[in-house]
Participant: 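Can you keep this structure in mind? I'll have questions shortly.
What you see is a predicted model; the values in this text were computed from it and never measured.
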Amino acid sequence: MTSTTHETAARLDAEDPLASYRDRFVGSETPLVYLDGNSLGRPLRTTGERLRSFVDQEWGGRLIRGWDEAWMDLPTVVGDRIGSACLGAAPGQVVVGDSTTVLLYKALRAGVAARPGRTEVVLDRDNFPTDRYVAAGVADELGLTLRWIDVDTSAGATLEQVQEVVGEQTAVVLLSHVAYRSAWLADAPAITAAVHDAGALVLWDLSHSVGSVPLELDTWGVDLAVGCTYKYLNGGPGSPAFVYVAERLLDGLRQPIPGWMGHADPFAMGPGWTPAPGIRRMISGTPPVVGMLALQDMLALVEEVGMVAVRAKSVGLTEHALALTDDLLAPLGVGLATPREARRRGGHVTLTHPAMREVTARLWEADVIPDYRDPGGLRLGLSPLSTSYDEVARGLARVRDELLDLGASGA
């Protein structure tokens, strides 16, 4: 780094009111530069003790009694905490369990069934692959038509684009709140209202916004939403996802994978399935108790800090990354595939150059960890509570060095 770059980063870290929280994360004391928090968040130091305590005391000590004492209710207890801390959702509308893919399937199938006679699902061509694949599968199963929105891959779906395609045949509109490639932050309140004007339901994928961008699902009138917990909620590899269903829809919603844990009386073991009242009906199989342990530690931290402060730090980090890109990388021909306007940008930044695949491989060997997304995109996932301004500066300085070594030039 140049002395000016180092001094700027040092000043920003000194002024950062959340800087001290970084020490709570495993690995923060090492020189490794971690810029992939929107793929997998760092673990909290307290999680190691929680895992050991769980094995020794709850699992090892209480054994099967743990189900009656706490585990059975964890999906809704933890769901309510996610709703309160991150989603702007009143209790009884969020449950944890399954993967994002499975919950997306459940929510989409249930949403389509709640709009009988309608034959179309709307989504954009640059939505996350799982969303597109699940939608195509549901369309094949039910004989539906997919209505595609063609979006700018450096941005995302706009209100005007949604208004152009929704109509009397639209059952569900499926969109990502923050686009996985560009970090485009969709206008969720306005789009939700437009979908409702067409008589359809909206299903938001919150995987790249939960824990990074404040959400107000109840206030916005959102119908359905899903999201993962291993990115900004630091739940660990494969930690379970969550699903939100607005209270007004719950009594009439029938999910497509009825399992014994979503039954009104799981231990009746009866011949037929009667859905549990409320959000619990969205559960299918045995809750992933171990998978919710690390998540609870991060939720406690988010509750302590508050999403307004988290978002302020997120904006600061991405603004810092943009400024460094303009200074260090733009002269080498690096482009930006992320909105510059903070209100339209989530918590990551994508930089483009034909050499970025090779640059990413070189960076990983040097313990600088971003990720790569075609075409030619180096993605910086800046997790607000575990990332420092100095870390971003060191990472982008190394990107510059690798590009120079590969002969990059802005000419």
Participant: Indicate yes or no: does Glu358 engage Arg362 in a salt bridge with an N to O separation below 4.0 Å.
Facilitator: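 A salt bridge is present here (some side-chain N lies under 4.0 Å from a carboxylate O).
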Participant: For Gln93 and Glu247, indicate whether the former's side chain and the latter's backbone hold a donor-acceptor pair under 3.5 Å.
Facilitator: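 Indeed, once roles are kept as given, a pair shorter than 3.5 Å links the two residues.
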Participant: Under a 3.5 Å distance rule, please check whether Arg115 uses its side chain to pair with a backbone N or O of Gly199 as donor and acceptor.
Facilitator: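 Checked: pair present.
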Participant: I'd like to know if Arg24 and Glu304 make a salt bridge, using a cut-off of under 4.0 Å between side-chain N and carboxylate O.
Facilitator: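 Yes, Arg24 and Glu304 are salt-bridged.
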Participant: Near Trp273 CH2, under 6.0 Å, is it more than 12 heavy atoms from other residues, nucleotides or ligands?
Facilitator: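 For Trp273, atom CH2 is crowded (more than 12 foreign heavy atoms under 6.0 Å).
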Participant: For the residue pair Arg345 and Trp184, would you count it as a cation-pi contact if the rule is NZ or CZ under 6.0 angstrom from the ring centre and within 45 degrees of the ring axis?
Facilitator: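 No - Arg345 does not lie over the ring of Trp184 by the 6.0 Å and 45° rule.
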Participant: Taking the side chain as every heavy atom from C-beta outward, state whether Thr387 and Val392 have any atom pair closer than 4.5 Å.
Facilitator: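 Thr387 vs Val392: side chains touch.
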Participant: Taking Thr350 for its side chain and Ser182 for its backbone only, find out whether a donor-acceptor pair lies under 3.5 Å.
Facilitator: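 Pair absent, no side-chain N/O of Thr350 close to backbone of Ser182.
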Participant: Got a second to check how far Glu120's CD is from Leu144's CG, nearest 0.5 Å?
Facilitator: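 It comes to 9.0 Å.
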Participant: I want to check something: taking the side chain as every heavy atom from C-beta on, are Met292 and Pro287 in contact at a cut-off of under 4.5 Å?
Facilitator: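 Counting from C-beta outward, Met292 and Pro287 do come under 4.5 Å.
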Participant: Would you sort out whether Leu378 and Thr352 count as a side-chain contact (heavy atoms from CB on, under 4.5 Å), showing the intermediate values?
Facilitator: CA-CA 6 Å; Leu378 182 135; Thr352 58; over 6 Å; no
Participant: Can you tell me how far the CZ atom of Arg344 sits from the OG1 atom of Thr338, to the nearest 0.5 Å?
Facilitator: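 Spacing of CZ (Arg344) from OG1 (Thr338) equals 14.0 Å.
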Participant: Hey, are the side chains of Asn234 and Phe25 touching, using non-hydrogen atoms and a 4.5 Å cut-off?
Facilitator: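 The answer is yes; the side chains approach within 4.5 Å.
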Participant: Nearest 0.5 Å, what's the CG-CG distance between Leu329 and Leu324?
Facilitator: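 Here the interatomic distance stands at 8.0 Å.
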Participant: Quick one: does any side-chain atom of Glu58 pair with a main-chain N or O of Ser53 as donor and acceptor, under 3.5 Å?
Facilitator: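 Flag not set: sc Glu58 to bb Ser53 has no pair under 3.5 Å.
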Participant: Does Asp223 use its side chain to pair, donor to acceptor, with the backbone of Val202 at less than 3.5 Å?
Facilitator: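 Pair found, side chain donor or acceptor close to backbone of Val202.
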Participant: Would you call the rings of Tyr180 and His208 parallel, tilted or perpendicular if under 30° counts as parallel and over 60° as perpendicular?
Facilitator: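 Rings of Tyr180 and His208: tilted, 30 to 60°.
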Participant: Checking Arg11 against Glu15 for the salt bridge (Lys or Arg N to Asp or Glu O under 4.0 Å) test, could you report, in this order, the C-alpha distance in whole Å, the side-chain angles of both residues, the deciding distance, and whether it holds?
Facilitator: CA-CA 6 Å; Arg11 174 180 58 78; Glu15 295 172 352; 3.4 Å; yes
Participant: With a 4.0 Å cut-off on N to O distance, would you call Arg340 and Asp326 a salt bridge?
Facilitator: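 The answer is yes: the pair qualifies as a salt bridge.
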Participant: So for atom CD, which belongs to Glu168, do other residues, nucleotides or ligands contribute more than 12 heavy atoms lying within a distance under 6.0 Å?
Facilitator: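 It does not: Glu168 CD has 12 such atoms or fewer within range.
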Participant: Okay, side chain of Arg281, backbone of Leu253: is any donor-acceptor separation there less than 3.5 Å?
Facilitator: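 Flag set: sc Arg281 to bb Leu253 pair under 3.5 Å.
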Participant: With a 4.5 Å cut-off on side-chain heavy atoms, are Leu104 and Asp131 touching?
Facilitator: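 Answer yes - side chains close enough.
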Participant: What I'd like to find out is whether the side chain of Thr100 reaches to under 4.5 Å of the side chain of Ser207, using heavy atoms alone.
Facilitator: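 In contact.
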Participant: Determine, stepwise, if the pair Ser383 / Lys231 fulfils side chain to side chain donor-acceptor pair (under 3.5 Å).
Facilitator: CA-CA 8 Å; Ser383 192; Lys231 300 181 189 296; over 6 Å; no
Participant: What distance do Arg398 atom CZ and Leu35 atom CG have between them, rounded to the nearest 0.5 Å?
Facilitator: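 These two atoms lie 13.0 Å from each other.
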Participant: Is the backbone N or O of Arg42 less than 3.5 Å from a side-chain atom of Ser386, with the two atoms forming a donor-acceptor pair by type?
Facilitator: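 Side chain of Ser386 to backbone of Arg42: no pair is present.
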Participant: Is any side-chain heavy atom of Tyr244 less than 4.5 Å from a side-chain heavy atom of Leu224?
Facilitator: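 Not touching, per the 4.5 Å side-chain cut-off.
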Participant: Taking all heavy atoms of Gly221 and all of Thr192, pick out the closest pair and write down the distance.
Facilitator: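 The answer is O-CG2, 3.6 Å.
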Participant: Report, as yes or no, whether the 6.0 Å neighbourhood of atom CH2 on Trp260 holds more than 12 heavy atoms from other residues, nucleotides or ligands.
Facilitator: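 For Trp260, atom CH2 is crowded (more than 12 foreign heavy atoms under 6.0 Å).
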Participant: Just so I know, are the side chains of Tyr232 and Leu385 near enough to count as touching, which here means a heavy-atom distance under 4.5 Å?
Facilitator: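 Heavy-atom side-chain distance check fails, nothing below 4.5 Å.
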Participant: For Arg181, run the salt bridge (Lys or Arg N to Asp or Glu O under 4.0 Å) check against Asp374, Asp371, Asp126, Asp152 and tell me which one passes.
Facilitator: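 Single salt bridge (Lys or Arg N to Asp or Glu O under 4.0 Å) partner of Arg181 among Asp374, Asp371, Asp126, Asp152: Asp126.
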Participant: Looking at Val178, is its backbone amide N or carbonyl O close enough to the side chain of Ser209 to form a donor-acceptor pair, meaning the two atoms are under 3.5 Å apart?
Facilitator: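 Flag not set: sc Ser209 to bb Val178 has no pair under 3.5 Å.
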Participant: For Arg109, is there any backbone N or O sitting under 3.5 Å from a side-chain donor or acceptor partner on Tyr105?
Facilitator: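 No.
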Participant: If we ignore hydrogens and angles and just use 3.5 Å, is the side chain of Gln161 paired with the main-chain N or O of Asp150 as donor and acceptor?
Facilitator: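 Side chain of Gln161 to backbone of Asp150: a pair is present.
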Participant: With a 4.5 Å cut-off on side-chain heavy atoms, are Trp204 and Ile191 touching?
Facilitator: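 The answer is yes; the side chains approach within 4.5 Å.
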Participant: Do Thr76 and Asp73 get their side chains close enough for a donor-acceptor pair, meaning under 3.5 Å?
Facilitator: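 Note: Thr76 and Asp73 side chains miss the donor-acceptor criterion.
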Participant: Aromatic rings Trp71 and Phe54: how do their planes relate, parallel, tilted or perpendicular, breaks at 30° and 60°?
Facilitator: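 The rings of Trp71 and Phe54 sit tilted, inter-plane angle from 30° to 60°.
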Participant: Nearest 0.5 angstrom please: Arg379 CZ to Thr360 OG1, how far?
Facilitator: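 Reported value, rounded in 0.5 Å steps: 11.0 Å.
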Participant: Output yes when Asp124 and Arg132 qualify as a salt bridge under the 4.0 Å nitrogen-oxygen rule, no when they do not.
Facilitator: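 No, no charged N to carboxylate O under 4.0 Å.
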Participant: Give me the one residue out of Arg45, Arg81, Arg50 that meets salt bridge (Lys or Arg N to Asp or Glu O under 4.0 Å) with Asp297.
Facilitator: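 One option only clears the test, and that one is Arg50.
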Participant: Under 4.0 Å between a side-chain nitrogen and a carboxylate oxygen: does that hold for Arg394 and Glu391?
Facilitator: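 No, this pair does not count.
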